[in-house]
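Heads up, the thing below is written out as structure tokens.
Residue indices begin at 1 and follow the sequence shown.
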Amino acid sequence: MKKHLSLNVEAEVYDEVKNAFPTGQVSTYVNNILKEHLKKMKKEKQKEKLIAGYKSTAKSKVVKEEDKIWEGSIEDGIDE
């Protein structure tokens with residue numbers, strides 16, 4: 001389903017768009033640009049959430065204690 005959206009753009013941008021695209025194609029072009037931009041924004045937000053999660057985990061006392069336990073077991077049973 002399509003919805004109507006009114007946009008205000010600078011006069012120079014409007015003139016260039018009118019010259020660059022056939023009638024009826026501007027909406028498709030703007031729609032595709034917005035979809036790509038929204039996709040990038042979504043990926044950036046996911047990345048920020050992951051980074052925040054990793055930082056939070058790195059600060060966790062429980063995780064640090066578990067790391068100490070596992071550190072001692074890494075070489076257990078390895079004979080050279």
Side-chain angles (χ1 to χ4, degrees):
M1 175 166 77
K2 293 186 177 186
K3 298 273 186 167
H4 179 80
L5 175 68
S6 296
L7 298 172
N8 293 315
V9 295
E10 296 171 2
E12 298 83 21
V13 172
Y14 178 83
D15 292 339
E16 287 188 41
V17 166
K18 286 305 245 180
N19 290 329
F21 297 96
T23 304
Q25 295 299 312
V26 175
S27 292
T28 302
Y29 180 72
V30 171
N31 188 67
N32 290 338
I33 288 174
L34 289 172
K35 282 191 333 190
E36 285 301 314
H37 183 71
L38 291 169
K39 231 188 267 186
K40 286 179 185 177
M41 285 176 54
K42 187 176 180 180
K43 285 182 181 180
E44 287 174 14
K45 284 184 181 182
Q46 289 174 337
K47 184 179 177 181
E48 288 172 7
K49 284 183 182 179
L50 279 174
I51 290 170
Y54 288 136
K55 285 181 178 180
S56 173
T57 301
K59 292 178 184 176
S60 169
K61 290 182 181 180
V62 173
V63 171
K64 287 179 183 177
E65 290 299 318
E66 286 183 12
D67 281 348
K68 287 179 186 176
I69 293 168
W70 283 102
E71 254 181 42
S73 65
I74 290 176
E75 294 182 8
D76 283 354
I78 298 177
D79 297 325
E80 292 184 29

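M41 and L5 are members of different hydrophobic clusters when ILVMFWY side chains are connected at heavy-atom separations under 4.5 Å.
With sequence neighbours left out, the ring-ring contact (aromatic ring centres under 6.0 Å, His included) criterion links Y29 to F21. Applying the side chain to side chain donor-acceptor pair (under 3.5 Å) criterion to K39, with sequence neighbours excluded, gives E36.
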Taking only distance into account, with no hydrogens and no angle test, what donor-acceptor pairs under 3.5 Å do side-chain atoms of residues 46-53 form with protein atoms, sequence neighbours excluded?
none

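Between V30 and L7, some side-chain heavy-atom pair lies under the 4.5 Å cut-off.
Distance alone, capped at 3.5 Å, places no donor-acceptor pair between the N31 side chain and the S27 backbone.
Scanning both residues, V17 and V26, for their nearest heavy atoms gives CG1-CG2, 3.5 Å.
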